[in-house]
Protein chains: 2
Amino acid sequence: MASATLKSIAKATGYSVTTVSRALGGFDDVNVDTRQLILQEAQRQGYEPNLQARALQTQRTQTLALVVSMSGPRFPDPFFSEFVAGLGTAAAEARFDLLLVTPNSPADELDVYRRLIAGRRVDGVALIRARFADARIQYLAQTEMPFVVFGRTTGVENYNYIDVDGIAGQSALTQHFIDLGHKRIAYVMPPRNIMFTHYRLQGFSETMRRAGLAVSDDLLQEAELNERGGSRAAETLLNLALPPTAIMAGNDLMALGVMRVIQERGLRVGTDVAVGGFDDIPIAEHMHPGLTTVHQPIFEIGQQVTRILLHRIANPEAPAATRLITPQLMVRASSGPQRL
Amino acid sequence: MASATLKSIAKATGYSVTTVSRALGGFDDVNVDTRQLILQEAQRQGYEPNLQARALQTQRTQTLALVVSMSGPRFPDPFFSEFVAGLGTAAAEARFDLLLVTPNSPADELDVYRRLIAGRRVDGVALIRARFADARIQYLAQTEMPFVVFGRTTGVENYNYIDVDGIAGQSALTQHFIDLGHKRIAYVMPPRNIMFTHYRLQGFSETMRRAGLAVSDDLLQEAELNERGGSRAAETLLNLALPPTAIMAGNDLMALGVMRVIQERGLRVGTDVAVGGFDDIPIAEHMHPGLTTVHQPIFEIGQQVTRILLHRIANPEAPAATRLITPQLMVRASSGPQRL
DNA sequence: ATTGACATCCGAAACGTTTCGGTATACGAT
DNA sequence: ATCGTATACCGAAACGTTTCGGATGTCAAT
């Protein structure tokens, strides 16, 4: 059978399309008996509103977008799925759907945004992993489209964001290692074009300086945000004439790579070389030894992003919402005992 | 400025909406100069087709759906993000988008499908983690909507699926432990309502029986598909009067939980207790020791699902595609050396 | 002059919904 | 009789696109 429409219900009940629409829409200018009849018929035909048609008419798609580059055959992070889960659950509560869009090349990225925004495909956009002078954000800012960023950027004023205080987080972790008696502390830093790298590096440097400790170039390694990046950096660091006694990685996946290299060399994580991460992804707690790291409430952040977005969609003129979360240090076995 | 439409371009150039549409659509019944002019004007106005309107007219949304229950504040698995990445990249190549839909309760699940399918929100649906007599699949099967399942179910004929041969996979892993000299091999099995549990259990039992080894109830623990499930099961197993010498977990996350418990008890994974997983998620290789597991090419499976789906959408009458992949055993350090 | 073929263009309908601006009826108050 | 008010309903336009079935003009062949 052809799918049910307002028209088919109208024909079956003898009422007009308008009345059917208003009956189903819960308006009060329709007789209770009439509404009953129409509801029954709708039920019988298995009617579901055609969402394209409704969207065309109302100019509302009830959809949010998240654009993610799935570079190579690997997703960035478990981090990511937590974030999406947060976005998704909060969206579902408001009966919004989530459109996950993948540019098939980095060059394609801005086009994808244009297609979404100018094509009125979605009501709002979530952004993750903001970059310096982020072109995506600059484009969005000159648009009517509501958007919320997880992270901060430069060169754009008055946009909605939520971020974790990277300075505070990295500083807390650094201080933790200093308190344990470490002097040669290495930092395996994420790529510099990512905005949070800047803040975390600042947290690290400042804290070291305050403690009167040197940060030699040797002990600062830039690497990819995954296990492999961590492993490579750890190899380099452990091959130094004077290797570090503590290694902080840019995120937990990198920390995992660092730990593996340490263990493969017959050294013990914690006692021989202390390790720290960032993110507190679910497995961080379940590794052996447990990973000392900086907790980001990623799922909750995802939910918040959706909520801000929804609020923004409902109130386009609301002032920009900005939220900075102070993260919590999670001390586990990988940072080891007090040193003598 | 109001957003550009065919009408606004038509007005600006003096041509009709029809001609503008056909010029932009690349039809050959429009003069080259005219097309040039129209393209320029479209460019100038920053025209992007309104996708709702197009979808309404063409009855094509250029969108695929994946419905996932994000039960609790945790995503099921890294497994998941790999799969989504595969789906997404293959979809992007065909200029399709991916709609990620979250029921906000399990009871809501079927309603979500009805909304998507009857509401003509998407052109095709991907399903993951099929269950016994899966109600979602039964619903979809009586619909026109193209769908592809990762996994198999019972009670439905002639549907598109792609699956990994769980019998062969679990059998290979079991045989590997038998070959290493293990006799008391435990299996931490996933929940029984998931279809793949059935196959894997069968692979395990048959292989044990063939080798003349007993499978006592003690050594068969049902647990949740995450670290916690693995940990709990491992506690129980290691507390047995006669604990197993090898533990196979239902997936890699569970194996991670198992490994942690072993290590916390001061035992060594591999030499004291051998451990195996299933999935080969990215971190399996980067754990210490590396996890012996059964590799599922999840990313590629995601791509395949999309491809089958797209083919199905283009050829609604094509016979059902069914694909069974024989997975590969990845032997790493966690299974340990030959026993004497 | 007529025909046919071709190139170029366009009007109007359709997709399914929402909503504005009504109309018709009934009924109590004036 | 007229007015006002409420109740219940509906026609038609609109959202922006695609496409069917022409229309018009040109030009070479008859």
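Convention: sequence-line order gives letters A, B, ...; per-chain numbering from 1. These numbers come from a predicted model, not from an experiment.
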Under 4.0 angstrom, heavy atoms only, what part of the nucleic acid is Q52(B) near: base, sugar-phosphate, or nothing?
nothing

What's T5(A) touching, base or sugar-phosphate or nothing? Going by heavy atoms closer than 4.0 Å.
sugar-phosphate

Is the centre of the F150(B) ring less than 6.0 Å from the centre of the F83(B) ring?
yes

When rounded to whole Å, the CZ to P distance for the pair R60(B) and dT18(D) reads 14 Å

Determine whether the side chains of S16(A) and T19(A) contain a donor N or O and an acceptor N or O closer than 3.5 Å.
yes

With a 4.0 Å cutoff (strictly under), does any side-chain N or O of R22(A) reach OP1 or OP2 of dT19(C)?
no

Just to confirm, is there a sub-4.0 Å distance from OP1 or OP2 of dC9(C) to any side-chain nitrogen or oxygen of T34(B)?
yes

Donor on one side chain, acceptor on other, T61(A) and Q52(B), under 3.5 Å:
no

I'd like to check the ring-ring contact (aromatic ring centres under 6.0 Å, His included) partners of F79(B); sequence neighbours left out, ordered by chain and number.
none

Listed in order of residue number, which residues of residues 9-18 of chain B have a non-hydrogen atom at under 4.0 Å from DNA chain C?
G14(B), Y15(B), S16(B), T18(B)

Check the phosphate of dA8(D) against N31(A), side-chain N and O only, distance under 4.0 Å to OP1 or OP2. Yes or no?
yes

Using a cut-off of 6.0 Å, state whether more than 12 heavy atoms not belonging to N158(B) lie near its atom CG.
no

Could you state the CZ-C1' distance from R35(A) to dT7(D), rounded to the nearest angstrom?
13 Å

Nearest of dT18(D), dC9(D), dT18(C) to any side-chain atom of T58(A)?
dT18(C)

Given dT18(C), is OP1 or OP2 found less than 4.0 Å from the side-chain N or O atoms of R54(A)?
yes

With sequence neighbours excluded, what pairs up with R152(A) under the salt bridge (charged side-chain N to carboxylate O under 4.0 Å, His left out) test?
D163(A)

Checking T322(B) now: which residues fulfil side chain to side chain contact (heavy atoms under 4.5 Å, CB included) with it, not counting sequence neighbours?
Y161(B)

Angle between terminal axes - the helix from dA1(C)-dT30(D) to dT30(C)-dA1(D), 5 pairs each end, rounded to 10°:
80°

For D33(A), give me all partners under salt bridge (charged side-chain N to carboxylate O under 4.0 Å, His left out), at least two apart in sequence or on another chain.
none

Picking from dC9(C), dT18(D), dC15(D), the nucleotide nearest the side-chain atoms of Q57(A) would be dC15(D)

Just compare dG16(D), dC9(C), dC15(C) and give me whichever is closest to any side-chain atom of A53(B).
dG16(D)

Just how far, in rounded Å, is P of dG11(C) from NZ of K7(B)?
13 Å

Determine whether any donor atom in the side chain of D29(B) lies under 3.5 Å from an acceptor atom in the base of dC9(C), or the reverse, and answer yes or no.
yes

E48(A): which of R120(B), R114(B), R115(B) passes salt bridge (Lys or Arg N to Asp or Glu O under 4.0 Å):
R114(B)

Strictly by modelled atom types, are Q45(B) and E41(B) linked by a side-chain donor-acceptor pair under 3.5 Å?
yes

Just the rounded figure in Å: distance from P of dG16(C) to CD of E48(A).
15 Å

Protein-nucleotide distance (L56(B), atom CG; dT19(D), atom P), rounded to Å
13 Å

